[in-house]
K.L.:
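I'd like to ask some things about the structure below.
First the proteins, then the strands, lettered A, B, ... as listed; each starts at 1. Note that the structure is predicted; figures quoted are calculated from it, not measured.
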Amino acid sequence: MENALAFIGRNFFLIFGLMAVGAAVAMVFSKSAVHSVLSFLFAMLSIAGCYLSLQAEFVGVAQILVYAGGIVVLFLFVVMLVELTRFKEAGGIFHVQTPWAVVAVLGACAVFIYVFRGLIFDPASKDALVLKPELAQGLDVASQNAQAVSRGLFAEYLLPFEILSVILLVALVAAVAIAKQERA
Amino acid sequence: MVSMNGVLLISFLLLAVGIAGVLIRRNALVILMCVELMLNAANLNFVAAARHSGTVNGQAFALLVMGFAAAEVAVGLALVVALYRRRDTVSVDKIDLLKG
């Protein structure tokens, strides 16, 4: 039992990451849009767990608030507004574009393995990129993490932050203006 | 102990699933969700890089990306709703007004 708990503690990130990948696959391949949205919610929560295991507590909680609290609800609202049962994708979910999708993903896999083959297959260079906890001092407690992030956000990245707030305002107005049009 | 290899691998798998979803599915809603998934894969790399370098720059940038993703979803879903109202479909194959 303790061994299992220790194993989970050591591989926290990988467990949550694989859960996120599984939920993403379920999202792409489920026929019903509501099931897709729920799998998307599960993937977002798993990614929040990944952030927590990377000692980014503030980003992890913001992920839960923004995605699980905001974006998933938006998606569910649109699924409710749009009567999806009327548009079953003809012939299942596989289509003309599928061979090209397979080719594109396989090509991306090949490029990834080519670029990172040294890191993945060479045991000698394995600890070259291992995360160093002693470098992340000051990020290890939640309050300190929030402090550090806010210092970065409001001091160093103040201009991007303000631009983001303007963009959010523009997106709000645009969303209302686009969705409000009368039926032509 | 989280290794950078693991982070890169998970993030790549998420990105690959997102690309496959955008290319395979014809439902505009699912395509938007796949785009969100790809943004999250990039965010994971940002956070891992912040952890690796011991600075908060990556985490701050991940928060900014999250905000942009929210803006994108708001506009995208408004487009889907407008599309459904005008053309009674959410399939991207049926939207071919610009097709020559």
K.L.:
Assess, by modelled atom type and distance only, whether the side chains of B/Glu36 and A/Tyr67 contain a donor and an acceptor separated by less than 3.5 Å.
P.N.:
yes
K.L.:
With a 4.5 angstrom heavy-atom cut-off, could you sort out which part of A/Phe75 is near chain B: side chain, backbone, both or neither?
P.N.:
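Contact with chain B: backbone and side chain both.
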K.L.:
B/Ala20 versus chain A, heavy atoms under 4.5 Å apart: side chain, backbone, both or neither?
P.N.:
both
K.L.:
Is A/Ala62 in contact with chain B via its backbone, its side chain, both, or neither, using a 4.5 Å heavy-atom distance?
P.N.:
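A/Ala62 touches chain B through backbone and side-chain heavy atoms alike.
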K.L.:
Mind checking whether B/Val56 and A/Arg151 have side chains closer than 4.5 Å, heavy atoms only?
P.N.:
no
K.L.:
Angle between ring planes, B/Phe61 versus A/Tyr157, binned at 30° and 60°: parallel, tilted or perpendicular?
P.N.:
perpendicular
K.L.:
With a 4.5 angstrom heavy-atom cut-off, is it the side chain or the backbone of A/Ile163 that approaches chain B, or both, or neither?
P.N.:
neither
K.L.:
Side chains of A/Leu153 and B/Leu64: closer than 4.5 Å at any heavy-atom pair?
P.N.:
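When only atoms from C-beta onward are counted, B/Leu64 and A/Leu153 do touch, with a gap below 4.5 Å.
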K.L.:
Can you tell which of B/Val75, B/Val81, B/Val22, B/Asn57 has the highest number of heavy-atom pairs within less than 4.5 Å of chain A?
P.N.:
B/Asn57
K.L.:
At a 4.5 Å cut-off on heavy atoms, which part of A/Val72 comes close to chain B: side chain, backbone, both, or neither?
P.N.:
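No part of A/Val72 comes within 4.5 Å of chain B.
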K.L.:
Please examine the side chains of A/Leu45 and A/Met19, heavy atoms only from C-beta on, and report whether any two atoms are closer than 4.5 Å.
P.N.:
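No - every pair of side-chain heavy atoms lies 4.5 Å or more apart.
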K.L.:
Is the shortest heavy-atom distance from the side chain of B/Leu77 to the side chain of A/Phe77 under 4.5 Å?
P.N.:
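No, every pair of side-chain atoms sits at 4.5 Å or beyond.
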K.L.:
Is there any residue in residues 38-45 of chain B with a non-hydrogen atom under 4.5 Å from a non-hydrogen atom of chain A, and which ones are they?
P.N.:
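Within residues 38-45 of chain B, near chain A: B/Asn40, B/Asn43, B/Leu44.
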K.L.:
Hey, does A/Lys31 have a side-chain heavy atom less than 4.5 Å from the side chain of A/Ser36?
P.N.:
no
K.L.:
Just wondering, do B/Leu63 and A/Phe58 contact through their side chains at under 4.5 Å, heavy atoms?
P.N.:
yes
K.L.:
Measure the OG-CZ distance between A/Ser30 and A/Phe40 for me, rounded to the nearest 0.5 Å.
P.N.:
12.5 Å
K.L.:
If I compare all heavy atoms of A/Phe12 with all of A/Ser53, which pair ends up nearest, and what's the gap?
P.N.:
CD2-CB, 3.2 Å
K.L.:
Name the region of B/Ile31, side chain, backbone, both or neither, that has any atom closer than 4.5 Å to a heavy atom of chain A.
P.N.:
neither
K.L.:
For chain B, find which of A/Leu18, A/Val21, A/Leu81 contributes the most heavy-atom pairs closer than 4.5 angstrom.
P.N.:
A/Val21
K.L.:
Count the heavy-atom pairs under 4.5 Å between each of B/Val80, B/Leu83, B/Ile19, B/Leu79 and chain A, then report the option with the highest count.
P.N.:
B/Leu79
